[in-house]
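Written out below as structure tokens is the structure these notes cover.
For reference, positions follow the sequence shown, starting with 1. Keep in mind it's a predicted model, so treat the numbers as computed, not measured.
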Amino acid sequence: MTPTSVTSPLTPAQLVDEYFIENRNRVVEIAAFLDRLDRAAPDTPLDDFRVQALRGALALILSSPAASRVTSIQMMLSDPTSRPLDALDRKGAVGAYDGSHDDRP
């Protein structure tokens, strides 16, 4: 069964009127965060998996078809493994999946 998209009850103009400022602020916050990272160590490359995931999600927002952006980003940031962890840890609460440290098959 293929999921169907639900049409918004608001028109595009109504959506922009209602949500533009809120989302403009989010974009400015993301830009400010990335600027702070760049200024923190301008000559040191940052390979933190969370920042890489954020950059990947931003690129995906601009390049993906409209119908799949949310799903694609959720899948990009989620742990794709199905085997449970041997013990509870805090790693699941970091907001992105770090596959480089995963020793699960």
Side-chain angles (χ1 to χ4, degrees):
M1 175 180 229
T2 303
T4 59
S5 61
V6 177
T7 304
S8 173
L10 302 177
T11 67
Q14 290 170 323
L15 285 167
V16 171
D17 288 344
E18 183 70 26
Y19 298 108
F20 177 78
I21 294 296
E22 172 184 336
N23 288 289
R24 174 196 176 277
N25 292 339
R26 289 178 177 147
V27 170
V28 170
E29 285 293 323
I30 292 168
F33 169 68
L34 295 173
D35 284 352
R36 286 190 296 275
L37 283 176
D38 292 342
R39 288 191 307 269
D43 298 329
T44 306
L46 182 64
D47 60 355
D48 186 286
F49 72 95
R50 295 164 296 180
V51 175
Q52 290 176 352
L54 180 63
R55 290 181 189 275
L58 292 170
L60 198 113
I61 287 170
L62 298 175
S63 65
S64 290
S68 67
R69 285 188 291 251
V70 172
T71 300
S72 296
I73 289 172
Q74 286 178 328
M75 295 307 295
M76 175 188 288
L77 297 173
S78 298
D79 181 345
T81 61
S82 59
R83 184 174 169 208
L85 294 171
D86 293 331
L88 183 62
D89 66 9
R90 242 186 105 229
K91 291 182 183 174
V94 297
Y97 175 65
D98 182 11
S100 68
H101 293 65
D102 193 354
D103 59 355
R104 293 176 285 174

Quiz item: Which atom pair, heavy atoms only, marks the closest approach of Ile73 to Ala57?
Solution: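 Between these two residues, the closest heavy atoms are CD1-O, 3.7 Å.
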
Quiz prompt | Heavy-atom pair of closest approach, residues Met76 and Leu60 | solution =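 That would be CE-CD1, 3.6 Å.
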
Nearest 0.5 Å, what's the [atom1]-[atom2] distance between [X] and [Y]?
X	Y	atom1	atom2	result
Asp98	Gln52	CG	CD	9.0 Å
Ile30	Asn25	CD1	CG	11.0 Å
Glu18	Ser8	CD	OG	10.5 Å
Gln74	Arg69	CD	CZ	13.5 Å
Asp79	Leu77	CG	CG	11.5 Å

Exercise. Identify whether Leu58 and Phe33 are in the same connected component of the hydrophobic contact network (ILVMFWY, side-chain heavy atoms under 4.5 Å).
Key: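 Yes; Phe33 is reachable from Leu58 via cluster members.
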
Practice problem: Identify whether Tyr19 and Val27 are in the same connected component of the hydrophobic contact network (ILVMFWY, side-chain heavy atoms under 4.5 Å). | Solution: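 Tyr19 does not cluster with Val27.
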
Practice problem: Check salt bridge (charged side-chain N to carboxylate O under 4.0 Å, His left out) between Arg55 and all other residues, then give those that pass, not counting sequence neighbours. | Solution: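 So Arg55 forms a salt bridge (charged side-chain N to carboxylate O under 4.0 Å, His left out) with Asp38.
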
Quiz item: Asp17: what forms a salt bridge (charged side-chain N to carboxylate O under 4.0 Å, His left out) with it, not counting sequence neighbours?
Solution: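 With neighbours one apart ignored, the set is empty.
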
Quiz item: Under the side-chain contact (heavy atoms from CB on, under 4.5 Å) criterion, do Leu34 and Leu37 qualify, and how do the steps go?
Solution: CA-CA 5 Å; Leu34 295 173; Leu37 283 176; 4.2 Å; yes

Quiz prompt | Whether over 12 other heavy atoms sit under 6.0 Å from Glu22 CD | solution =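 Result for CD/Glu22: enclosed.
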
Practice problem: Kindly check if the number of other-residue, nucleotide or ligand heavy atoms within 6.0 Å of CE (Met75) is above 12? | Solution: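 Atom CE in Met75 is not crowded, with 12 or fewer foreign heavy atoms closer than 6.0 Å.
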
Self-check item: Step-by-step side-chain contact (heavy atoms from CB on, under 4.5 Å) determination, Leu15 to Phe20
Solution: CA-CA 8 Å; Leu15 285 167; Phe20 177 78; over 6 Å; no

Self-check item: Which residues share a side-chain contact (heavy atoms from CB on, under 4.5 Å) with Ser78, sequence neighbours left out
Solution: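 Applying side-chain contact (heavy atoms from CB on, under 4.5 Å) to Ser78 gives none.
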
